[in-house]
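Beneath this line is the structure, given in structure tokens, with notes to follow.
Labels below follow one simple rule: chain letters A, B, ... track the order of the sequence lines, proteins then strands, and each chain is numbered from 1.
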Amino acid sequence: MPELPEVEVTRRGLLAPLSGRTVVRVSWSAHRLRGPIPRKLLQEHIAAQQIRTIDRRAKYLLLRMVNGAVLVIHLGMTGKLGLIQGQTTLHKHDHLVLHLDNGLDVRFNDSRRFGSIVVWPPDHAAQLEADFSRKEGLEPFGPAFIADNLLALARGRRVAVKSLLMNSRLIAGIGNIYANEILFAARIAPQQPAHLLTEKEWGRIIQESRRILQLAIDAGGSSISDFLGVSGHPGYFQLQLAVYGRKDAPCPRCGQAILKTIQGGRATYHCPGCQPHVE
DNA sequence: CAATATACCTGGATGC
DNA sequence: TGCATCCAGGTATATT
């Protein structure tokens, strides 16, 4: 579910309510997520500790504790973080609860359990973060997200430009919904081999990436099936989607029918009129 | 190395 | 109503 905008909306929703709060207790479900829940590390380094701030890298949230530990949370496909009164009954698929010193809970709910929870202990946090960050791609809002760098990344890669955009080791935060939308806005066919794109075309991808991701953040994210912000409110960017999920509907720009294809195993939407495939 | 397939899960939509 | 089937926003790992 959550791509960069949804993760960022979650971060912004949690930042003020959590900054300076103390996690008095941590509890968890019996299930594993993508990996096992690190019970011991949660107990040792997160319980009874104060939260300093929350950052985002790629689609990961980094809850930084005053003691130097970092709680790393990935929402997977169906993960949500909610802020709720502590006495509320646990819901199905609640897998982690941070009990705060003001009686509120932060609850991580994830039905498909594709999310992940990792703790970096204070002693090793800097090294672990450096190792982690090196494996993640360019941040779309970062200073290195420039045409020269994308041109270099694409050099020699015959893979479709959409697959390159979604490759998290190369570019961070862009998943299937926003890859489709960005390429539509940039008027580039998703199946275009990446190495054929010009510097000018990469420039359009950069500009449209930033514009669309920012619009989506401002709209509270996209609630396609079940994304909710921390207060339980949905996002509204799905109402502005031009191509994603709109097979056979008229293109908002030229009126031609939107095509749905499968590319790299993922549903791909584009307008054959506005995004011509050039060989 | 690059590209594709598969596995991890539940639940909602769809079709019979 | 029930049941089978397909599909879903991500990513790590295996396979070609």
Side-chain angles (χ1 to χ4, degrees), chain A residues 1-10 29-37 56-61 72-81 91-96 108-118 131-137 140 152-183 190-196 209 212-213 216-217 219-229 234-248 260-269:
Chain A
M1 153 203 342
E3 304 183 36
L4 185 152
E6 291 74 32
V7 178
E8 182 62 23
V9 165
T10 302
S29 76
H31 289 96
R32 55 176 280 141
L33 305 174
R34 173 158 287 284
I37 295 175
R56 178 190 59 74
R57 171 74 173 103
K59 296 170 188 160
Y60 294 83
L61 287 169
V72 184
I73 298 180
H74 191 286
L75 302 177
M77 296 266 262
T78 49
K80 288 169 282 289
L81 284 167
H91 292 108
K92 194 173 182 184
H93 308 306
D94 279 346
H95 294 297
L96 181 75
F108 177 68
N109 183 283
D110 182 9
S111 60
R112 275 175 87 178
R113 307 209 298 271
F114 283 3
S116 74
I117 294 170
V118 167
D131 294 346
F132 155 79
S133 198
R134 192 157 5 88
K135 291 187 209 143
E136 297 296 322
L153 279 184
R155 190 160 298 144
R157 290 183 195 261
R158 317 179 77 84
V159 70
V161 58
K162 176 170 176 257
S163 301
L164 186 139
L165 278 185
M166 291 175 64
N167 182 338
S168 62
R169 300 182 70 106
L170 302 178
I171 298 173
I174 298 178
N176 201 32
I177 294 178
Y178 295 104
N180 280 296
E181 294 297 314
I182 288 164
L183 289 170
Q191 48 275 100
Q192 204 69 240
H195 71 290
L196 295 183
S209 294
I212 287 175
L213 295 172
I217 292 168
S222 295
S223 293
I224 291 297
S225 67
D226 59 1
F227 172 76
L228 297 174
Y236 295 97
F237 192 70
Q238 67 278 12
L239 303 176
Q240 298 177 56
L241 296 176
V243 290
Y244 182 83
R246 299 190 65 243
K247 172 174 145 65
D248 296 335
K260 177 183 180 183
T261 54
I262 301 294
Q263 197 191 293
R266 312 299 297 274
T268 299
Y269 300 88

For the side chain of [X], starting at C-beta, report the closest nucleotide among [options].
{"X": "His74(A)", "options": "dT10(B), dA3(B), dT11(C)", "value": "dT11(C)"}
{"X": "Ser168(A)", "options": "dT11(C), dG11(B), dA8(C)", "value": "dT11(C)"}
{"X": "Tyr60(A)", "options": "dT10(B), dT11(C), dA3(B)", "value": "dT11(C)"}
{"X": "Arg157(A)", "options": "dA3(B), dT10(B), dT11(C)", "value": "dA3(B)"}
{"X": "Tyr244(A)", "options": "dT4(B), dG11(B), dA8(C)", "value": "dA8(C)"}

If I take atom [atom1] in residue [X] and atom [atom2] in nucleotide [N], what distance separates them, rounded to the nearest angstrom?
{"X": "Met166(A)", "N": "dA12(C)", "atom1": "CE", "atom2": "P", "value": "13 Å"}
{"X": "Leu75(A)", "N": "dC9(B)", "atom1": "CG", "atom2": "P", "value": "19 Å"}
{"X": "Gln263(A)", "N": "dC7(C)", "atom1": "CD", "atom2": "P", "value": "17 Å"}
{"X": "Lys135(A)", "N": "dA12(C)", "atom1": "NZ", "atom2": "P", "value": "8 Å"}
{"X": "Met77(A)", "N": "dA7(B)", "atom1": "CE", "atom2": "C1'", "value": "12 Å"}
{"X": "Ile262(A)", "N": "dC7(C)", "atom1": "CD1", "atom2": "C1'", "value": "9 Å"}
{"X": "Arg32(A)", "N": "dT10(B)", "atom1": "CZ", "atom2": "P", "value": "13 Å"}
{"X": "Asn167(A)", "N": "dA2(B)", "atom1": "CG", "atom2": "P", "value": "10 Å"}

* To do: Fit a plane to each ring of His95(A) and Phe108(A), take the angle between them on a 0 to 90° scale, and name the class: parallel (under 30°), tilted (30 to 60°) or perpendicular (over 60°).
  => tilted
* To do: Using the P atom as the reference point in each nucleotide, state the distance between dC6(C) and dT6(B) in Å, no decimals.
  => 14 Å
* **No-H, no-angle donor-acceptor pair, Arg112(A) side chain to dA8(C) base, under 3.5 Å** => yes
* Asked: Phe114(A) stacking on dC8(B): centroids under 5.5 Å, ring planes under 30°?
  -> yes
* Asked: For Asn176(A) and Lys162(A), does a side-chain donor sit closer than 3.5 Å to a side-chain acceptor?
  -> yes
Between [X] and [N], is there a contact of a side-chain N or O with OP1 or OP2 at under 4.0 Å?
{"X": "His93(A)", "N": "dG11(B)", "value": "yes"}
{"X": "Arg113(A)", "N": "dT10(B)", "value": "yes"}
{"X": "Lys92(A)", "N": "dG11(B)", "value": "yes"}

* Could you tell me whether a side-chain N or O of Thr78(A) sits under 3.5 Å from a main-chain N or O of Gly76(A), the two making a donor and an acceptor? => no
* Is the closest side-chain heavy-atom distance between Thr10(A) and Pro2(A) below 4.5 Å? -> no
* Sort out the partner of dA8(C) for me: Watson-Crick or G-U wobble, both distances under 3.5 Å, none otherwise. => dT10(B)
* Asked: CG/Asp94(A) to NE2/His31(A) distance, rounded to the nearest 0.5 angstrom?
  -> 12.5 Å
